[in-house]
Amino acid sequence: MTIVSWLLVSGVSITMVGSVVYFIKSGNNERNFSMDIFYTLLVVYIIVILGFALIYFVLSFHRVVLVEGGELRQVSVTGSLMHSAYFSGVTMLTIGYGDITPVGFGRLIALIQALIGYILPTAFVIRIVQNKQDD
């Protein structure tokens, strides 16, 4: 990458982080943002992603594998752990890219994880609304 590309990426990144920090810290006493709920959501997401990554990793020893690029490849234990963590994060936070796909029973597990990824933010929004109504 050229220096101009690095500067552009750095500038956009700093702007995004600054905007998020400003959003979190700004507002009056009745702001709609709760740091407690934000941190709780973040921790829950991390736990679920790591938990499912470990499930995929353990299942990889029992012939339930993640296939990369449509073909089965032999990867090291570390590579399998990295694939499992990446696949878990992508499945939880999006619907997946399709570069790594589960085979066999792993498909059902990926569906369950994707469902959790969609339901979790809704549960936290409901929690925020309930907190506002209680106040």
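We're numbering straight along the sequence, starting at 1. Keep in mind that the numbers below use all heavy atoms, side chains included, and drop hydrogens, waters and symmetry copies.
Separating the OH atom in Y56 from the CD1 atom in I109 is a distance of 6.5 Å, to the nearest 0.5 Å. Here the straight-line distance linking atom CG of L115 with atom CD1 of I119 works out to 3.5 Å at 0.5 Å rounding. In this structure, OG1 in T101 is found 7.5 Å from CZ in F87, a value given to the nearest 0.5 Å. Residue I55 holds its CD1 atom at 5.0 Å from CZ of F52, rounded to the nearest 0.5 Å. Between atom OG of residue S84 and atom CD1 of residue I100 there is a gap of 8.5 Å, rounded to the nearest 0.5 Å. Considering CD1 of I116 and CG of L111, their distance stands at 11.5 Å, rounded to 0.5 Å.
No more than 12 heavy-atom neighbours from other residues, nucleotides or ligands sit within 6.0 angstrom of OH on Y39.
If you chain together hydrophobic residues whose side chains sit under 4.5 Å apart, V125 and M92 never meet in one group. The same ILVMFWY cluster, assembled from side-chain heavy atoms under 4.5 Å apart, contains both L81 and V77. Residue L59 is not grouped with residue L54 when hydrophobic side chains (ILVMFWY) are merged at heavy-atom distances under 4.5 angstrom, including chains of intermediate members. Side-chain heavy atoms closer than 4.5 Å link hydrophobic residues (I, L, V, M, F, W, Y) into clusters, and following such links, possibly through other members, connects L120 to I112.
With S60 contributing its side chain and F57 its backbone, the two residues share a donor-acceptor pair below 3.5 Å. With S88 contributing its side chain and I49 its backbone, the two residues share a donor-acceptor pair below 3.5 Å.
In plain terms, the two heavy atoms of P121 and Y45 that are nearest each other are CG-OH, 3.1 Å.
In the model, S10 has no side-chain atom that pairs as donor or acceptor with a side-chain atom of S13 under 3.5 Å.
Considering I47, T40, L42 as possible partners of V44, the one that fulfils the side-chain contact (heavy atoms from CB on, under 4.5 Å) test is T40.
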